[in-house]
Structures are given as structure tokens and as C-alpha cells.
2 protein chains.
Amino acid sequence: MVNLIKEIPISMRGVIRSQQLDPTDRRILLALDEDPRAPTMVLAQRLGLARGTVQSRIERMTASGVLRANSTRVDPEGLGRGVLAEVSAELDQSHINEAVAALGGIPEVLECLAPAGDTDLLIRVVATSPDDLYRVSEEIRLCPGIRRTSTRMILRTVIPYRTTALLGADDGGGAAPSSAPPKRRRT
Amino acid sequence: MVNLIKEIPISMRGVIRSQQLDPTDRRILLALDEDPRAPTMVLAQRLGLARGTVQSRIERMTASGVLRANSTRVDPEGLGRGVLAEVSAELDQSHINEAVAALGGIPEVLECLAPAGDTDLLIRVVATSPDDLYRVSEEIRLCPGIRRTSTRMILRTVIPYRTTALLGADDGGGAAPSSAPPKRRRT
DNA sequence: GGTAGAGTGGTCAATCTGATCAAAGAAATT
DNA sequence: AATTTCTTTGATCAGATTGACCACTCTACC
């Protein structure tokens with residue numbers, strides 16, 4: 001087991017994000033779900049906002065990094081990668097950077113997370129077939145710094161990735177959570 | 001343990017997708033990473049394609065379901081959900097549909113996968129804090145049909161979700177994998 | 001009260017759009 | 001190989017939209 005927090009310098013999660021989405025941003029994002037390329041004029045009319053507001057909000061969100069690349073919307077199945085799997089990996093402490101760099105060089109590696117607990121990395125991968133998954137898993141296992149891997153194939157996506165419930169959460173403003181414990185009223 | 005393949009009717013993965021992205025689609029998607037709302041005129045010029053082609057390709061991809069909702073691009077951290085975790089859950093076979101429906105009703109549940117192996121569901125969740133994560137995990141645990149859960153907090157995103165390597169893979173056409181075993185040449 | 005930032009509505013020339021068309025090219029079928 | 005079907009291309013047009021700019025208003029903060 002290794003401590004990845006200090007050892008891995010490259011991280012999106014470790015970057016302090018200055019932008020929090022306010023209700024207007026979120027309304028805009030929900031509207032963009034209908035048509036991600038809708039003209040700002042149309043969005044403004046639909047949302048009852050000034051056109052300049054919609055424009056500047058979209059620009060700001062785009063510039064701030066709070067939105068991932070558009071290509072993250074692509075279903076890997078559309079690229080012939082119908083098999084999804086999660087690979088757990090234990091790392092060798094002296095080759096952490098090489099391991100991560102090597103993993104980043106494998107196209108089928110979609111994402112790589114460092115969890116608390118009994119494994120060092122959780123790697124989300126895709127493949128064209130179970131046999132191809134074996135190949136990808138081997139490729140991962142042979143990365144420098146990878147000591148041990150375990151592959152778990154995903155049989156079904158029961159609830160596809162979604163954020164609309166978070167965006168639509170009625171929580172009054174900024175980043176306050178909608179599902180926080182209710183405030184106690186004085187009685 | 002339960003067999004989720006037959007029991008869960010609602011699934012995106014189970015739907016047969018007719019659209020496979022060809023090299024032109026993929027070039028367009030890579031160009032859209034620079035600016036997801038770039039005018040088709042500009043994209044066409046950059047890609048050396050007719051404007052009508054870009055337009056019809058984007059329309060086709062949009063209509064086919066091969067792209068997820070735009071809101072999936074949102075980093076939950078921008079919504080105050082800075083804590084990410086994976087919850088493993090074992091299900092009670094007689095309440096599977098209720099379990100899934102209940103999970104779908106929890107805004108912090110981003111995604112729900114059914115893996116092969118020793119657990120029934122892998123649930124990706126977010127929360128505002130570790131304490132909030134405890135609350136979310138409890139909410140999940142109390143869903144009908146959930147028999148046992150285990151929560152693993154993600155400490156760091158080592159490689160953020162990305163598909164560009166798959167899109168940019170030089171594999172000649174359609175959905176053929178670029179990292180498939182090389183064809184044996186006759187010698 | 002003063003200041004800074006955000007939102008509003010308006011303006012303008014340039015750019016873009018959706019829709020349509022005919023022709024050419026590419027792919028699929030017979 | 002010939003035929004059919006599909007896709008791409010380039011062109012056209014009136015209307016829509018854009019980026020940039022402006023003055024004004026509103027809101028939040030000091």
C-alpha cells in the first residue's frame with residue numbers, strides 16, 4: 001500500500017476550484033441538456049434572461065474548468081468498446097509516477113482514481129470484447145510500478161451517469177447541498 | 001448475490017446502439033473539444049469538410065444517443081460536492097426494482113453499475129463532506145432491497161475521465177480497435 | 001453613501017443558420 | 001460489372017445569431 005496523496009502531483013481533484021455554479025448557471029446547464037448547441041438567443045428567451053447574461057455565463061463556465069471536455073460525453077460503445085471494467089491495482093512505491101504515466105498512455109484507460117482502503121488505484125477501462133479486456137488488463141499489469149491487479153467486468157450499467165438531479169436540486173443558492181439535514185426549527 | 005442481467009429492465013447498456021462513430025465523426029468530436037459550441041462554419045473550415053456534412057454529422061450523433069447529456073460534463077465539485085465515493089451494495093432479490101428506483105431518486109447517486117463478481121452494485125456517489133458522505137451512504141443503505149453496503153471514499157482523481165485517446169486512435173475506420181492485436185503478416 | 005460587479009436592453013456589421021437543390025463521389029447491392 | 005443507394009459537396013437565400021460595445025439599473029459589500 002502506498003500513500004498516493006503526496007506522491008502523485010498530477011491531479012484534477014487536488015486543484016482548488018474557484019468556480020461554484022449558482023442557480024443561474026445551473027438553469028443554463030439544464031437548458032443545455034435539451035440542445036447543447038442551442039443559440040444563446042434561444043436559451044435567453046427560454047430562461048427569461050438577457051442574452052448577454054447567458055453568453056457571459058457560458059463563457060465563464062467554459063473558461064473556469066468546471067466543465068469537462070465535450071468528448072467525455074461520448075459513449076465508448078459508439079467506438080466499439082462495448083465492454084466496461086474496473087481494474088484494481090496495487091502499486092510499487094518507487095515507480096508511482098511511471099505507473100501513472102504509463103496508464104495515461106493506454107487509450108482504453110478512461111479514468112484512474114485513488115481510493116481509501118485496501119487498493120491503490122481503481123482504473124476504469126473499456127475493451128472491444130472480454131478477450132480484448134484480458135489484453136488491456138495485461139497491458140495494465142505490465143506497466144512499471146504496477147505490482148498486482150484485479151479486474152472486475154461490469155455486466156450492466158444500471159443507472160447511467162447523470163448529474164441532473166444535482167443541478168436541479170432546490171437548494172437556494174451557490175453550492176449548498178439540497179439534501180443536507182433539515183434545519184431544526186425552534187419550537 | 002443476485003442475477004441483475006435478467007432482473008433489471010432499465011438499462012442504457014442493454015440497448016442495442018446502431019451508431020458507431022466513424023473517423024469523420026471522431027474528428028468532429030475532437031474539434032468540439034476546443035469549443036463545444038463552435039459554429040459549424042468554423043468547424044467545417046478547420047476540418048476541411050463541407051458545412052452541410054458537419055451539420056448533418058452533429059445532428060446524427062445528437063439524435064442517436066451516442067452522446068450523453070451535456071450536463072454529464074459538470075464537475076460535481078462545482079456543485080459543492082467535493083467528496084467522491086464508490087459504494088458497493090448487495091441486493092435482496094425480491095426488491096431489485098425498488099432498490100434501483102430508490103437509488104435513482106437520490107441526487108448524489110451519479111451512476112450505478114452491476115459488476116461480475118462478489119458484489120451486486122457499484123454506486124458512484126458524491127457528497128459535500130465526509131460527514132455528508134456518511135449520510136448519503138446511510139440513505140443508500142436504507143433503500144428497499146439493499147442488504148449490505150460498503151463505502152470506499154475516493155481520495156484523489158489520478159487520471160480524470162477522458163476519451164480523447166480512444167477518439168484519436170488511428171484505427172483506419174468505423175469501430176475497429178486501434179489497440180487490437182496486430183495482424184500477422186504472411187512472410 | 002460609495003464602489004464594484006452583475007444583469008439588462010439596445011445597437012451594429014459581420015457571420016452564421018436551416019433548408020433546399022443539383023451534381024459528384026462513395027458505398028452497398030444485385 | 002452494373003445498378004442503386006447513400007453521403008458529400010458547393011451553392012443559394014432570407015432570416016437568425018453573434019461578438020462587441022454602450023449606458024443604465026440593480027445588488028451586495030464596505
Side-chain angles (χ1 to χ4, degrees), chain A residues 16-67 70 73-74 78-80 167-176, chain B residues 16-67 70 73-75 78-80 167-178 183:
Chain A
I16 305 294
R17 292 200 180 279
S18 53
Q19 174 154 30
Q20 296 287 311
L21 301 170
D22 73 14
T24 300
D25 291 324
R26 300 190 321 201
R27 288 179 62 221
I28 291 169
L29 288 165
L30 287 171
L32 283 170
D33 268 0
E34 298 303 310
D35 178 9
R37 293 170 62 83
T40 51
M41 277 287 311
V42 173
L43 290 170
Q45 280 159 13
R46 285 201 193 130
L47 294 166
L49 295 168
R51 182 177 64 108
T53 301
V54 175
Q55 183 174 326
S56 76
R57 286 308 185 101
I58 290 175
E59 279 168 8
R60 196 173 65 180
M61 287 191 276
T62 298
S64 73
V66 76
L67 300 178
N70 188 67
R73 294 172 59 203
V74 177
L79 297 167
L167 283 169
D170 178 11
D171 57 5
Chain B
I16 306 293
R17 292 200 182 278
S18 53
Q19 175 153 31
Q20 296 288 310
L21 299 171
D22 72 13
T24 300
D25 292 323
R26 297 182 334 192
R27 288 179 62 221
I28 290 169
L29 286 166
L30 286 171
L32 282 170
D33 267 359
E34 299 303 309
D35 178 7
R37 293 171 61 82
T40 50
M41 276 287 312
V42 173
L43 290 171
Q45 281 159 12
R46 283 199 197 131
L47 295 167
L49 296 169
R51 181 179 63 109
T53 301
V54 174
Q55 183 175 325
S56 77
R57 287 309 188 100
I58 290 176
E59 279 168 7
R60 196 172 67 179
M61 286 191 278
T62 298
S64 73
V66 76
L67 300 177
N70 188 66
R73 294 172 56 204
V74 177
D75 178 0
L79 297 167
L167 283 170
D170 178 12
D171 57 4
S178 66
K183 297 195 193 254

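Each chain gets a letter, A, B and so on, in the order the sequences are listed, and its residues count up from 1.
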[X] has an atom [atom1]; how far is it from atom [atom2] of [N], in whole Å?
{"X": "B:L47", "N": "D:dG10", "atom1": "CG", "atom2": "P", "answer": "14 Å"}
{"X": "B:L43", "N": "D:dT9", "atom1": "CG", "atom2": "P", "answer": "14 Å"}
{"X": "B:I58", "N": "C:dC16", "atom1": "CD1", "atom2": "C1'", "answer": "13 Å"}
{"X": "B:L49", "N": "D:dT9", "atom1": "CG", "atom2": "C1'", "answer": "10 Å"}
{"X": "A:R37", "N": "D:dT17", "atom1": "CZ", "atom2": "P", "answer": "14 Å"}
{"X": "A:M41", "N": "C:dG18", "atom1": "CE", "atom2": "P", "answer": "15 Å"}
{"X": "B:D22", "N": "D:dC6", "atom1": "CG", "atom2": "P", "answer": "17 Å"}

Quick note, B:R60 side chain, CB onward, closest among C:dT17, D:dT7, D:dT18 is D:dT7
Does the C:dG10 base have a donor-acceptor partner in the side chain of A:R51 within less than 3.5 Å?
no
Donor-acceptor contact below 3.5 Å, side chain [X] vs main chain [Y]:
{"X": "B:T53", "Y": "B:L49", "result": "no"}
{"X": "B:R26", "Y": "B:G168", "result": "no"}
{"X": "B:Q55", "Y": "B:T40", "result": "no"}

Verdict with supporting geometry, A:R57 and A:D22, salt bridge (Lys or Arg N to Asp or Glu O under 4.0 Å)
CA-CA 10 Å; A:R57 286 308 185 101; A:D22 73 14; 2.8 Å; yes
Using heavy-atom distances to pick each residue's nearest nucleotide on DNA chain C, tell me which of A:A50 and B:Q45 is more 5'.
A:A50
Report yes if at least one side-chain N or O of A:T53 is closer than 4.0 Å to OP1 or OP2 of C:dA6; otherwise report no.
no
Would you say A:Q55 reaches D:dG19's phosphate, i.e. side-chain N/O to OP1/OP2 under 4.0 Å?
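For D:dG19, OP1/OP2 do have a side-chain N/O of A:Q55 under 4.0 Å.
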